[in-house]
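Below: the structure, in structure tokens.
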Amino acid sequence: PNLSRCEMMTEFDIGNNKIVELPVEVFHTWKELQTLKLKGNKLSFLPPELSKLTSLKYIDASKNNIASLPGQAFNDLKELTFLNLSTNGIVSVPDELGSCEELSYLNVSDNGITHISGSIFLKLKKLEYLFMYKNKIVALPPELGAATSLRIVSFANNKISSLPNGIGLLHNLEEIY
């Protein structure tokens with residue numbers, strides 16, 4: 001179906017289906033879209049055209065088969081506050097995620113991530129909730145301390161051998177698990 005004429009779309013929820021690909025042709029016309037719920041489908045990737053949805057505040061793409069994230073998909077998502085990419089097959093988080101400066105909730109748990117770049121945290125001044133548990137992360141970057149709004153951080157069930165010094169700069173931190 002051609003949904004591109006639905007120009008006033010503010011919420012798109014196709015959760016818990018068997019969708020394998022997003023209708024990217026609508027991303028050029030859905031300028032008002034704020035909520036994108038894709039949880040529990042068969043998506044193997046998020047398209048770079050995601051960046052066209054500049055009004056997006058909420059993305060839940062958890063429980064899919066996403067293996068990689070194109071960095072350019074996040075370049076223009078300046079309004080994004082909530083991003084859940086848990087329970088996929090993601091192995092790396094693109095640096096461009098740092099351009100989502102309004103982000104307050106990030107969940108990349110239960111993936112195959114081995115490394116997360118410190119540069120992401122340098123711009124995420126509003127990040128309050130960070131969930132990275134159940135990955136293969138071997139070290140946390142010292143730049144994590146730059147995300148000074150962090151309240152809850154979870155990195156249990158990884159391969160981390162020590163905590164970075166920067167974590168001591170997180171004065172708002174309430175829970176680590």
Under a 4.5 Å side-chain heavy-atom rule over Ile, Leu, Val, Met, Phe, Trp and Tyr, are [X] and [Y] clustered together?
X	Y	value
L170	L163	yes
L173	L144	yes
V26	I19	yes
V20	I14	no

Quick one: [atom1] on [X] to [atom2] on [Y], what's the gap to the nearest 0.5 Å?
X	Y	atom1	atom2	value
N64	T87	CG	OG1	10.0 Å
M8	E32	CE	CD	5.0 Å
E128	T148	CD	OG1	10.5 Å
L38	D13	CG	CG	8.5 Å
L83	S86	CG	OG	9.5 Å
S62	N84	OG	CG	4.0 Å

Report yes if the side chains of [X] and [Y] come closer than 4.5 Å at any heavy-atom pair, otherwise no.
X	Y	answer
L43	N88	no
I137	M132	yes
L50	L36	yes
V91	I113	no
I116	F121	yes
D110	N135	no
L22	P47	yes
S51	Q72	no

Residues two or more places apart in sequence or in another chain: which of them pass salt bridge (charged side-chain N to carboxylate O under 4.0 Å, His left out) with [X]?
X	result
K37	E11
E49	none
E174	R151

#### Entry: Which residues share a side chain to side chain contact (heavy atoms under 4.5 Å, CB included) with K136, sequence neighbours left out
T114, K159
Quick one: does any side-chain atom of [X] pair with a main-chain N or O of [Y] as donor and acceptor, under 3.5 Å?
X	Y	result
S154	Y177	yes
W30	L53	no
K78	N75	yes
S104	L127	no
S99	F74	yes
N111	I90	yes

Contact summary for [X] and [Y], nearest pair of heavy atoms:
X	Y	answer
S119	S117	OG-OG, 2.9 Å
S92	L69	O-CD1, 4.3 Å
P142	P164	CA-CB, 3.8 Å

### Query
What residue pairs, at least two apart or across chains, pass salt bridge (Lys or Arg N to Asp or Glu O under 4.0 Å) with a residue in residues 83-98?
none
## Note on the structure
The complete set of salt bridge (Lys or Arg N to Asp or Glu O under 4.0 Å) pairs with one or both residues in residues 39-48, sequence neighbours excluded, reads none
Could you tell me which residues satisfy side-chain hydrogen bond (donor to acceptor under 3.5 Å, both in side chains) with [X], sequence neighbours excluded, listed by chain and number?
X	answer
K31	none
T81	none
N158	none

### Message
Checking L85 against L46 for the side-chain contact (heavy atoms from CB on, under 4.5 Å) test, could you report, in this order, the C-alpha distance in whole Å, the side-chain angles of both residues, the deciding distance, and whether it holds?
### Response
CA-CA 10 Å; L85 297 169; L46 289 179; 3.9 Å; yes
#### Entry: side-chain contact (heavy atoms from CB on, under 4.5 Å) assessment of L150 paired with L124
CA-CA 9 Å; L150 274 173; L124 296 181; over 6 Å; no
### Message
Please verify the inter-ring angle class for F131 with Y133; under 30° counts as parallel, over 60° as perpendicular, anything in between as tilted.
### Response
perpendicular
### Task
Sorted by first residue and then second, give each ring-ring contact (aromatic ring centres under 6.0 Å, His included) pair with at least one member in residues 139-161; sequence neighbours left out.
none
## Note on the structure
side-chain contact (heavy atoms from CB on, under 4.5 Å) test vs Y129 passes for just one of L106, V153, I152, namely I152
### Task
Could you walk me through whether S55 and L33 pass the side-chain contact (heavy atoms from CB on, under 4.5 Å) test, one step at a time?
CA-CA 6 Å; S55 295; L33 192 70; 6.0 Å; no
### Message
Test of understanding: with ring-ring contact (aromatic ring centres under 6.0 Å, His included), list the residues that count as partners of F82, not counting sequence neighbours.
### Response
Y58, Y105
### Task
Report the hydrophobic cluster partners of V138, with the cluster defined as I, L, V, M, F, W, Y residues connected by side-chain heavy atoms closer than 4.5 angstrom, directly or transitively.
none
